[in-house]
Protein chains: 2
Amino acid sequence: MPDQLSQAEENYLKAIYKISRQSGTPVSNNSISVEMNTSAASVTDMINRLSQKDLIHYQKRKGVRLTDLGEITAIHLVRKHRLWETFLVEKLNFTWDEVHELAEQLEHIQSRELINRLDEFLDFPKYDPHGDPIPDENGRITERQQVLLSQLPVGQKAVVVGVKDHSTPFLQYLERTGLLLGAELVIGERFAYDNSLQLEVADEQKLLISQKVGQNLYVQKK
Amino acid sequence: MPDQLSQAEENYLKAIYKISRQSGTPVSNNSISVEMNTSAASVTDMINRLSQKDLIHYQKRKGVRLTDLGEITAIHLVRKHRLWETFLVEKLNFTWDEVHELAEQLEHIQSRELINRLDEFLDFPKYDPHGDPIPDENGRITERQQVLLSQLPVGQKAVVVGVKDHSTPFLQYLERTGLLLGAELVIGERFAYDNSLQLEVADEQKLLISQKVGQNLYVQKK
DNA sequence: TTGTTTTTTTAGATGCGTCTAAATTAATGC
DNA sequence: GCATTAATTTAGACGCATCTAAAAAAACAA
Ligand SMILES: [Mn+2]
Ligand SMILES: [Mn+2]
Ligand SMILES: [Mn+2]
Ligand SMILES: [Mn+2]
């Protein structure tokens with residue numbers, strides 16, 4: 001276990017973890033500065049601190065990779081973030097578009113015991129309010145096999161299981177149209193003109209969604 | 001509303017509030033440094049920052065008093081601290097001697113909405129696990145009329161409602177002897193030799209407590 | 001009242017986390 | 001291959017929150 005990390009250090013670790021999840025390759029200094037909204041100079045500084053603490057491997061100008069310690073630490077932060085989000089929605093009746101910023105604060109609370117008790121209190125949820133998997137106490141994540149809605153062929157039945165875009169406007173759009181987690185649908189038609197999709201949802205209702213929406217919804221085939 | 005305060009600023013405000021609750025008089029620089037376990041020089045620095053932000057009145061070498069803004073801010077922190085402690089005990093099954101340090105972290109989470117929803121979730125508790133009153137959303141505190149157990153005359157019936165000493169050893173002592181919040185008792189005898197007290201507790205059981213214990217338990221006469 | 005002790009302030013330093021501006025190095029395009 | 005562009009590092013700065021050591025002021029005591 002590392003000694004206590006500062007919130008800044010934790011946020012950098014999370015950013016590096018997030019970027020490397022997407023790319024696989026070593027993470028560039030630049031991509032971190034974009035993700036974190038800080039100057040490249042600040043990133044260089046922090047990179048040195050995190051290397052010092054053996055949380056990342058860094059070869060000058062070659063990019064950053066998390067060490068095992070760094071990765072488990074990052075995963076733990078993700079666990080905390082998603083459990084808190086679940087708590088806020090399930091117990092305090094926040095909506096799924098209100099919880100992210102709060103979880104950004106709560107994820108920095110330091111207590112293994114607290115988070116495990118919270119997990120138990122929530123009855124060991126597997127997914128957070130956005131459909132993202134919640135790592136277990138040992139950092140294990142059970143990825144769901146899922147695809148983007150936009151990748152389904154016409155006629156395919158599917159169920160909504162998650163969102164790629166977590167932004168408030170998108171979540172509120174889904175709220176309005178009823179395309180929430182658990183919603184069942186069939187791909188009715190695909191319009192080549194603008195790649196929009198005609199969906200058949202509950203009660204024979206038809207719903208037209210843009211390409212952008214289809215590219216930000218995760219579904220599971222049925 | 002002040003703009004966001006740092007955790008350090010919040011902790012100083014709480015300390016000043018706590019000291020002034022006890023003394024009434026302006027708070028000395030020195031008492032703050034003792035309470036916070038920091039150097040007097042650090043206190044001088046912070047005092048200047050807090051004055052700048054109109055959270056305290058400070059006249060050089062005359063001591064510190066909270067402004068209305070400072071006081072309401074401090075009370076709000078106390079509210080958050082006590083609500084979180086209540087949550088940890090009531091919902092996550094922590095014991096009353098385990099929650100203080102966690103609440104020290106949680107009280108700095110910034111969200112009015114969160115704390116009000118937590119309050120509601122807990123069913124608007126009036127007292128925290130240590131018997132301390134929880135200020136309401138507007139900062140109002142309903143003080144209970146209570147006395148120290150040591151001040152009761154022989155023969156007096158009373159019920160335990162709070163602790164003055166919040167230390168783990170004391171709380172664990174109470175746990176062991178069953179002298180918990182809600183416990184009913186009668187003062188049986190007072191020994192002049194060492195000011196210890198013979199109590200009659202549930203089921204005709206007798207319990208001998210030291211002067212120190214009697215001076216750290218709040219009770220309500222019955 | 002005058003010396004001693006305590007409190008408070010000042011001076012100067014440090015680490016963290018951030019910035020801008022400039023220099024350096026690497027990558028890209030032609 | 002060379003020029004331009006992009007990424008990275010260096011240099012120097014700043015605010016916050018802390019410290020120690022020393023000076024100054026106030027309080028206390030004899
Ligand atoms: Mn989130
Ligand atoms: Mn989420
Ligand atoms: Mn407490
Ligand atoms: Mn308490």
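Order of the sequence lines sets the chain letters (A, B, ...), proteins ahead of strands, with each chain counted from 1.
- In this structure, CG of B:Leu50 is placed 18 Å from P of D:dG15, rounded to the nearest angstrom.
- Side-chain nitrogen and oxygen atoms of B:Tyr12 include none within less than 4.0 Å of the OP1 or OP2 phosphate oxygen of D:dC16.
- Considering only side-chain atoms of A:Ala40, the nucleotide from C:dA11, D:dA11, D:dT8 that sits closest is D:dT8.
- The side chain of B:Asn30 sits closest to C:dT7 out of D:dA17, C:dT7, D:dT8.
- Judged by distance alone, the side chain of B:Lys80 and the main-chain N or O of B:Glu107 form a donor-acceptor pair under 3.5 Å.
- Of the side-chain N and O atoms in A:Thr38, none sit less than 4.0 angstrom from OP1 or OP2 of C:dG17.
- Atoms CD and CD, from B:Gln7 and A:Gln7 in turn, are 6.0 Å apart once rounded to the nearest 0.5 Å.
- Taking only side-chain nitrogens and oxygens, B:Ser39 comes nearer than 4.0 Å to OP1 or OP2 of D:dC19.
- Taking 4.0 angstrom as the limit, A:Ser28 places none of its side-chain polar atoms (N or O) nearer than this to OP1 or OP2 of D:dA7.
- For the pair B:Arg49 and D:dA17, the criterion of a side-chain N or O lying under 4.0 Å from OP1 or OP2 is met.
- Rounded to an integer number of Å, the gap from CG of A:Asn48 to P of D:dT10 is 8 Å.
- We find that CG of A:Asn29 is positioned 14 Å from P of C:dA26, with the value rounded to whole Å.
- The nearest whole Å value for the distance from the CD1 atom in A:Ile19 to the P atom in D:dA7 is 13 Å.
- For the OP1/OP2 pair of D:dT9 and a distance below 4.0 Å, the side-chain nitrogens and oxygens of A:Thr44 include at least one atom meeting the criterion.
- Ring geometry for A:Phe121 against B:Phe87 counts as perpendicular: the plane angle is over 60°, on a 0 to 90° scale with 30° as the lower cut.
- In this structure, CD of A:Glu9 is placed 11 Å from C1' of C:dG15, rounded to the nearest angstrom.
- For the pair A:Asp45 CG and C:dG15 C1', the interatomic distance rounds to 12 Å; values are reported in whole Å.
- Between the P atom of D:dC16 and the CD atom of B:Glu10 lies a distance of 15 Å, rounded to the nearest Å.
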Test salt bridge (Lys or Arg N to Asp or Glu O under 4.0 Å) on B:Asp136 and B:Arg79 and set out the steps. CA-CA 7 Å; B:Asp136 73 13; B:Arg79 169 173 161 79; over 6 Å; no

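- Across all strands, B:Ser33 comes closer than 4.0 Å to no nucleic acid atom at all (heavy-atom distances).
- Within the 4.5 Å cutoff, no side-chain heavy atoms of B:Leu180 are placed close to those of B:Val160.
- A close approach under 4.0 Å does occur between a side-chain nitrogen or oxygen of B:Ser42 and OP1 or OP2 of D:dC19.
- Atom CD1 in B:Ile32 sits about 20 Å away from atom P in C:dT6, given to the nearest Å.
- Of the candidates C:dA11, D:dT8, C:dG17, C:dG17 carries the atom nearest the A:Ala8 side chain, counting heavy atoms from C-beta on.
- OP1 and OP2 of D:dT8 both lie 4.0 Å or more from every side-chain N or O belonging to A:Tyr58.
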